[in-house]
Amino acid sequence: MEKIKIKNYPMVSPAPTVLVGADVKGKPNYATVGAFGVVCLEPVFYISLKSTHYTTMGVKETGYFTINIPSADMVQITDYCGVVSGKTTDKSIMFTSFYDELEKAPMISECPLNFLCKVTQSVPICGFEVFFGEIVSTYLNKQCLTDDKPDPLKINPMIMMGTSYYDLGQAVGNVFKEGMEYKKLQNK
Ligand SMILES: Cc1cc2nc3c(=O)[nH]c(=O)nc-3n(C[C@H](O)[C@H](O)[C@H](O)COP(=O)(O)O)c2cc1C
């Protein structure tokens with residue numbers, strides 16, 4: 001297969017699209033974030049937030065943030081949270097916010113999956129702050145369960161790549177099973 005070298009630009013790689021929440025000056029604020037992910041097998045996430053974002057101020061102030069997974073039908077409101085800042089627009093009124101008993105950071109009722117994270121480490125990089133957060137509680141819409149497990153197709157998260165958002169599409173295989181099938185074929 002012929003390969004061509006293209007521009008080194010991170011947005012050509014697929015990324016989840018999440019809404020990061022934090023209380024800023026005692027009020028909920030939300031920012032759209034693509035730089036989010038899993039770092040190890042322990043319940044730890046990372047997010048990377050521009051140091052000047054209003055949300056960043058809240059995460060630093062409180063030591064907590066939330067990850068809210070919007071479903072693909074929330075594409076417009078999700079994008080909107082990524083084009084306006086809490087510095088000039090009150091984003092607390094855009095969603096129904098809820099808190100767990102710790103009352104540390106706001107979560108979005110309209111998003112099917114929510115995580116509350118406590119900051120354990122932060123690393124500054126190129127004008128951004130990478131926060132590592134231990135997951136302290138997880139909430140899922142009950143109707144997104146199938147056989148008592150979170151169902152990705154019911155949650156229907158959004159992936160961005162290049163300049164577009166995509167929904168999850170269809171499952172193409174099973175984790176840890178496809179590899180075993182491949183191994184069987186190799187050993188024939
Ligand atoms: C799809 C998308 C992904 C984004 N990803 C990030 C990101 O990973 N990190 C970041 O700091 N800003 C990211 N942004 C930009 C912020 O969401 C945006 O600047 C927002 O207005 C910040 O809001 P705040 O000032 O209220 O915190 C993204 C925006 C969009 C639309």
Side-chain angles (χ1 to χ4, degrees), residues 6-40 44-99 103-135 152 155-169:
I6 60 170
K7 196 177 156 206
N8 297 333
Y9 182 61
M11 303 325 168
V12 293
S13 108
T17 314
V18 303
L19 289 161
V20 169
D23 271 346
V24 194
K25 298 179 182 167
K27 247 175 144 178
N29 191 66
Y30 300 103
T32 312
V33 162
F36 150 76
V38 171
V39 290
C40 60
V44 177
F45 282 142
Y46 85 89
I47 53 168
S48 182
L49 288 180
K50 201 170 180 184
S51 308
T52 51
H53 284 347
Y54 198 59
T55 313
T56 314
M57 201 195 293
V59 178
K60 285 187 166 172
E61 231 175 57
T62 62
Y64 283 82
F65 61 86
T66 63
I67 301 293
N68 302 274
I69 312 287
S71 49
D73 60 4
M74 295 175 68
V75 63
Q76 282 195 337
I77 200 163
T78 300
D79 193 61
Y80 179 74
C81 282
V83 294
V84 296
S85 173
K87 288 174 197 162
T88 50
T89 303
D90 182 1
K91 291 190 258 183
S92 72
I93 54 172
M94 295 173 50
F95 302 103
T96 307
S97 296
F98 73 97
Y99 293 80
E103 298 201 356
K104 293 293 189 183
M107 288 173 271
I108 299 176
S109 287
E110 291 84 347
C111 290
L113 181 58
N114 319 87
F115 301 91
L116 171 66
C117 299
K118 182 183 189 325
V119 176
T120 53
Q121 282 179 59
S122 67
V123 179
I125 179 162
C126 307
F128 281 68
E129 198 74 37
V130 180
F131 294 102
F132 294 91
E134 182 194 341
I135 304 169
I155 296 166
N156 198 21
M158 255 184 288
I159 310 295
M160 64 171 160
M161 187 166 171
T163 53
S164 301
Y165 296 104
Y166 299 84
D167 68 13
L168 207 54

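In what follows, every heavy atom counts, from backbone to side chain, and hydrogens, waters and symmetry copies are set aside. Start at 1 and go down the list; that is how both ligands and their atoms are numbered.
Heavy atoms only, all atoms of each residue included: Met160 and Gly34 are closest at CE-CA, 3.2 Å. Counting all heavy atoms, side chain and backbone alike, Cys111 lies closest to Ile69 at CB-O, 3.3 Å.
Of all protein heavy atoms, the one lying nearest to atom 21 (O) of ligand 1 is Val84 O, 2.8 Å. Remark: minimum distance from atom 18 (C) of ligand 1 to any protein heavy atom is reached at Gly82 O, 3.2 Å. Closest to atom 30 (C) of ligand 1 among all protein heavy atoms lies Thr32 CG2, 3.8 Å. The protein atom (non-hydrogen) at minimum distance from atom 9 (N) of ligand 1 is Ser48 O, 2.9 Å. Among protein heavy atoms, atom 26 (O) of ligand 1 sits closest to Gly86 N, 2.7 Å. Scanning all protein heavy atoms for the shortest distance to atom 5 (N) of ligand 1 gives Gly34 N, 3.0 Å. Taking atom 19 (O) of ligand 1 as the reference point, the nearest protein heavy-atom neighbour is His53 CE1, 3.0 Å. The shortest contact between atom 8 (O) of ligand 1 and any protein heavy atom is with Ala35 N, 2.9 Å.
Contact annotation: the side chain of Phe115 never approaches that of Thr66 to less than 4.5 Å [non-hydrogen atoms, C-beta and beyond]. Side-chain contact between Pro106 and Tyr99 is present, with at least one heavy-atom pair separated by less than 4.5 Å. Taking the side chain as every heavy atom from C-beta outward, Phe95 and Leu19 approach each other to under 4.5 Å.
For the residue pair Tyr165/Asp79, the side-chain donor-acceptor check at 3.5 Å is satisfied.
Against a heavy-atom cut-off of under 4.0 Å, Leu49 is close to the following atoms of ligand 1: 11 (O). Distances below 4.0 Å separate heavy atoms of Phe128 from the following atoms of ligand 1: 9 (N), 10 (C), 11 (O).
Contact annotation for Phe36 and ligand 1: no heavy atom of the residue comes within less than 4.0 Å of the ligand. Looking at Met160 against ligand 1, only its side chain comes within 4.0 Å, counting heavy atoms.
Between Phe132 and Tyr46, the ring planes lie tilted relative to each other; the angle falls in the 30° to 60° range.
Met57 does not count as a contact of ligand 1, since none of its heavy atoms falls under 4.0 Å from the ligand.
Between Ser85 and ligand 1, at least one pair of N/O atoms sits closer than 3.5 Å.
Within a 6.0 Å radius of OH in Tyr80, other residues, nucleotides and ligands contribute 12 heavy atoms or fewer. More than 12 heavy atoms of other residues, nucleotides or ligands shown are found within 6.0 angstrom of NZ on Lys87.
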